[in-house]
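To start, the structure under review is shown below, and the notes come after it.
Within every chain, numbering begins at 1; the chains are lettered A, B, ... in the order of the sequence lines, protein sequences first and strands thereafter. If you're wondering where the values come from, they're calculated on a predicted model, not measured in any experiment.
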2 protein chains.
Amino acid sequence: MKIKKEVTIYDLAKELNYSPSTISRALNNHKSISKKTIKLIKGAAEEMGYRPNNLAAGLRNNKSNTIGVLISRINRPFMASLISGIEETARKAGHNVLISQSNDKYENEISNCNTLYDSRITGLIVSLSMETVEMDHFQKFVDKGIPIVFVDRVPDNFNSYKVVIDNYTAGYSATKHLIEQGCKRIAHFAGAQHRNVYRERKKGYLDALREHGLPIEDNLIVHFKTLSFEEGNKATKKLLKMSNPPDGIFSANDTAAVSAIMCAKKMGVNVPEQLAVIGFNDDPIASIVQPSLSTVSHPASKMGAISAKRILDHSINTYDTGVSEVTVLGTEIIARDSSLKKAKVLESE
Amino acid sequence: MKIKKEVTIYDLAKELNYSPSTISRALNNHKSISKKTIKLIKGAAEEMGYRPNNLAAGLRNNKSNTIGVLISRINRPFMASLISGIEETARKAGHNVLISQSNDKYENEISNCNTLYDSRITGLIVSLSMETVEMDHFQKFVDKGIPIVFVDRVPDNFNSYKVVIDNYTAGYSATKHLIEQGCKRIAHFAGAQHRNVYRERKKGYLDALREHGLPIEDNLIVHFKTLSFEEGNKATKKLLKMSNPPDGIFSANDTAAVSAIMCAKKMGVNVPEQLAVIGFNDDPIASIVQPSLSTVSHPASKMGAISAKRILDHSINTYDTGVSEVTVLGTEIIARDSSLKKAKVLESE
DNA sequence: ATAGTTAACGGAATCGATTGCATAAATTAA
DNA sequence: TTAATTTATGCAATCGATTCCGTTAACTAT
């Protein structure tokens with residue numbers, strides 16, 4: 001097959017008897033080109049099927065109008081929504097989005113970091129892998145003045161833009177919600193404690209117990225590796241087999257929370273009467289499981305949009321490496337059937 | 001803050017007293033450079049923090065080692081898995097992935113198409129928007145010999161690579177499954193008929209009815225716009241209020257199927273005894289809803305991997321525009337509680 | 001020992017768009 | 001009418017990597 005030759009500004013220049021400079025300026029609406037000429041050139045460009053070469057422009061300007069995204073996994077509801085928010089915002093501003101997933105491996109994060117750097121991205125949006133502790137691989141971005149926005153799973157020891165939710169308050173509120181429903185012995189499904197999100201949620205849980213005069217029992221706090229369905233099942237079974245089992249569970253994610261509900265049902269434990277459950281994220285499964293899962297909703301798409309905006313707004317002038325600008329978004333307790341003991345009581349009256 | 005200067009092959013050349021050509025060749029393991037020199041140069045490159053500039057290389061070679069992805073929405077389980085598969089495969093081959101979503105709008109699809117083209121992507125992977133009928137916006141890729149892989153939602157009138165599942169057989173099997181479970185009056189939740197996937201699934205449904213001697217009733221076939229939860233609810237309510245309601249539903253997606261189950265339960269209709277339900281996609285909600293939803297599983301991630309491989313394997317030499325190379329993947333019926341009447345009967349014996 | 005090969009490397013053009021610095025023409029000011 | 005601006009455009013360097021042609025120098029074969 002024949003492969004059509006690329007139409008460049010030089011072709012346009014030759015065709016229209018203008019210099020490439022004029023063509024370039026016209027296409028970019030440069031003020032020193034008359035409106036007449038601009039219209040003429042743009043018309044011809046359209047007609048001749050001219051399409052700008054971003055690689056050439058990018059090389060010249062040393063930037064690619066591309067936002068890099070580095071996350072653990074795409075196929076999680078939260079992450080998919082996050083990316084969706086990033087993509088929408090970026091595209092409206094004429095930017096592209098490069099994605100890469102670390103699969104929660106430190107090594108992959110480093111290698112993806114480099115690849116994204118090599119593409120001369122305008123900025124980087126990161127949600128850290130489960131394993132990441134060292135942050136050296138991000139330094140080259142800082143050195144070059146390329147903005148980094150950490151989202152959700154953010155580092156403690158690295159100054160940069162950050163977009164997070166108030167995990168502490170969310171954990172506190174979720175726990176308080178269970179307490180208000182009459183729970184006295186609340187278990188917690190905790191995630192990896194070196195990741196801010198899980199650590200903060202747990203802190204909120206602990207403080208809520210303390211401030212409401214409830215005892216903290218270590219054997220009611222289960223530390224998960226991945227907060228998976230299987231892990232949740234196992235943990236729930238173990239908890240419910242205790243001589244004095246908990247009457248509530250605050251899970252750091254929905255997956256484990258749903259598994260708890262299903263496990264409890266299978267074991268003949270009533271939810272929420274005997275065991276109230278609240279999760280985190282408001283995944284689609286939360287509203288489908290029965291009883292429907294109370295949870296903490298996470299403005300994922302909005303977080304993506306804000307992160308992208310941070311990059312787009314970033315200007316070399318105002319940027320200062322030493323500063324850590326943190327955006328904290330609010331969350332919302334979604335009270336569904338899995339925790340509403342009181343409502344149930346009222347209902348049956 | 002100070003912004004570090006980029007380290008280029010020229011810097012390496014000056015530092016090591018080699019020409020840029022040699023540096024370039026060494027970094028690419030060119031055979032005409034001695035192993036000693038390669039080791040020396042690569043060592044220095046590492047030490048000086050050299051990182052290749054993909055924009056420059058891309059401009060020179062007129063390709064960016066980047067795969068473009070154009071889909072309707074990222075935050076759908078199927079799509080997220082698809083992208084995940086693409087990303088993994090692409091990255092292993094040293095390629096990047098640019099994503100863009102059309103939100104099912106024809107206009108967005110066109111504009112995203114252009115933007116991706118401008119980035120000189122190596123190949124394009126597309127799942128068509130709901131609205132798309134005209135295919136002109138893809139022509140420029142063909143003209144330039146850039147491979148396009150259509151996935152899942154593919155065009156009828158455009159020759160290219162295609163990666164799909166056998167929707168007809170899947171629809172046939174799903175319907176047959178309901179018939180085998182004893183259903184006599186099976187309804188169908190159909191999607192937009194100008195999209196191959198929904199059209200084929202319906203065809204399979206119709207043929208299964210015919211071949212099993214069941215009548216086709218037009219009022220049991222509901223055409224959806226988006227197969228949403230709300231639409232599903234409305235449709236189910238209407239069906240179940242009929243004087244002789246259906247005893248089975250084959251839904252073209254899981255969302256609508258789940259809504260049918262929940263609606264039926266609310267109306268006091270037993271699933272699967274009075275109404276057997278089977279969906280499509282095997283979304284996470286399918287195994288969570290109760291009774292759990294029987295469905296057709298879709299190898300989303302694998303489809304992504306295959307699509308990416310198609311692009312990577314593509315060589316200008318073997319490519320011919322006139323040919324349409326279609327890869328058809330198999331699906332699997334996942335029989336869960338929402339359709340297993342017989343198993344239930346056996347269980348209660 | 002001499003022609004013929006091969007190994008190892010350098011020169012310089014090239015990819016396409018951008019932009020600082022000229023320049024010519026047109027307009028305005030004085 | 002002439003100098004001073006303003007307007008519209010062109011020239012040529014530049015971004016960083018690649019690659020087609022050389023060119024040496026070392027090596028091999030006869």
Side-chain angles (χ1 to χ4, degrees), chain A residues 3-42 44-45 48-66 94 115 117-122 144, chain B residues 3-42 44-45 48-66 94 115 117-122 144:
Chain A
I3 291 179
K4 276 195 194 162
K5 192 75 179 58
E6 195 106 32
V7 178
T8 72
I9 57 169
Y10 295 95
D11 299 325
L12 287 173
K14 209 165 288 178
E15 185 72 20
L16 302 176
N17 273 319
Y18 275 112
S19 76
S21 349
T22 301
I23 304 290
S24 171
R25 284 193 263 254
L27 292 172
N28 290 309
N29 297 313
H30 195 283
K31 60 189 173 218
S32 77
I33 305 291
S34 72
K35 287 134 204 74
K36 228 190 313 174
T37 312
I38 290 186
K39 192 163 286 180
L40 174 76
I41 291 180
K42 283 193 173 176
M48 292 175 63
Y50 168 79
R51 282 269 99 207
N53 186 324
N54 285 345
L55 297 172
L59 171 61
R60 173 62 219 239
N61 302 326
N62 198 35
K63 63 172 177 161
S64 59
N65 273 24
T66 298
T115 314
Y117 178 86
D118 297 350
S119 295
R120 299 302 185 267
I121 53 176
T122 305
K144 282 271 300 170
Chain B
I3 291 180
K4 276 195 194 162
K5 192 74 178 60
E6 195 105 33
V7 179
T8 71
I9 57 170
Y10 296 96
D11 300 324
L12 288 173
K14 209 164 288 178
E15 184 73 19
L16 301 177
N17 273 320
Y18 276 111
S19 77
S21 350
T22 301
I23 304 289
S24 171
R25 285 193 264 255
L27 292 172
N28 291 309
N29 297 314
H30 195 283
K31 58 187 172 216
S32 76
I33 306 291
S34 74
K35 287 134 203 73
K36 228 189 311 172
T37 311
I38 289 186
K39 193 163 285 180
L40 175 76
I41 290 180
K42 282 193 173 176
M48 294 176 61
Y50 168 80
R51 282 269 100 204
N53 186 323
N54 285 344
L55 297 173
L59 172 60
R60 174 60 221 238
N61 302 324
N62 197 34
K63 62 169 179 164
S64 59
N65 273 23
T66 297
T115 313
Y117 178 85
D118 296 350
S119 295
R120 299 303 185 267
I121 53 176
T122 306
K144 283 270 300 170

When every non-hydrogen atom of B:A13 is compared with those of B:S19, the smallest separation belongs to CB-C, 3.9 Å
Separation of atom CD1 in A:I9 from atom P in D:dG10, rounded to whole Å: 12 Å
Going by distance alone, is a donor N or O of one side chain under 3.5 Å from an acceptor N or O of the other, for A:S24 and A:S21? no
Under 4.0 Å between a side-chain N or O of A:S19 and OP1 or OP2 of D:dG10? yes
Whichever of B:S21 and B:R120 has the more 5' nearest nucleotide on DNA chain C, that residue is B:S21
5' precedence on DNA chain C between A:T22 and A:E6 (nearest-nucleotide basis): A:E6
Value rounded to 0.5 Å, distance of CG in B:L12 from CE in B:M48: 5.0 Å
Calculate the interatomic distance between A:K14 atom NZ and D:dG10 atom P; express it in whole Å. 14 Å
Need the bend value for the helix from C:dA1-D:dT30 to C:dA30-D:dT1: angle between end axes, 5 pairs each end, nearest 10°. 30°
For DNA chain D, the residues among residues 59-66 of chain A that have a non-hydrogen atom under 4.0 Å from it: A:L59, A:R60
Interface limits on DNA chain C, where chain A has a heavy atom under 4.0 Å of a nucleotide atom: C:dG16 to C:dG20
Which atom pairs, one a donor and one an acceptor, fall under 3.5 Å between side chains of residues 49-59 of chain A and the rest of the protein, sequence neighbours left out?
unit_1: A:R51; atom_1: NH1; unit_2: B:D118; atom_2: OD1; d: 3.1
unit_1: A:R51; atom_1: NH1; unit_2: B:D118; atom_2: OD2; d: 2.8
unit_1: A:N53; atom_1: OD1; unit_2: A:L55; atom_2: N; d: 2.8
unit_1: A:N53; atom_1: OD1; unit_2: A:A56; atom_2: N; d: 3.2
unit_1: A:N54; atom_1: ND2; unit_2: B:S119; atom_2: OG; d: 3.3

If I take atom OG1 from residue B:T22 and atom NE2 from residue B:H30, how far apart are they, to the nearest 0.5 angstrom? 10.5 Å
Closest heavy-atom pair, B:A26 versus B:I41, reported as atoms and distance to 0.1 Å, is CB-CD1, 3.5 Å
Measuring only between side-chain heavy atoms, which start at C-beta, is B:K144 closer than 4.5 Å to B:N62? yes
Among residues 24-31 of chain A, which residues get a heavy atom nearer than 4.0 Å to DNA chain C? A:S24, A:R25, A:N28
Only one of B:I33, B:T37, B:I9 forms a side chain to side chain contact (heavy atoms under 4.5 Å, CB included) with B:R25, so which one is it? B:I33
What pairs with A:N29 under side chain to side chain contact (heavy atoms under 4.5 Å, CB included), at least two apart in sequence or on another chain? A:I38, A:K42
Nearest whole Å is fine: how far is D:dA25 P from B:I33 CD1? 17 Å
By nearest heavy atom, map A:Y10 and A:S32 onto DNA chain D; which one lands nearer the 5' end? A:S32
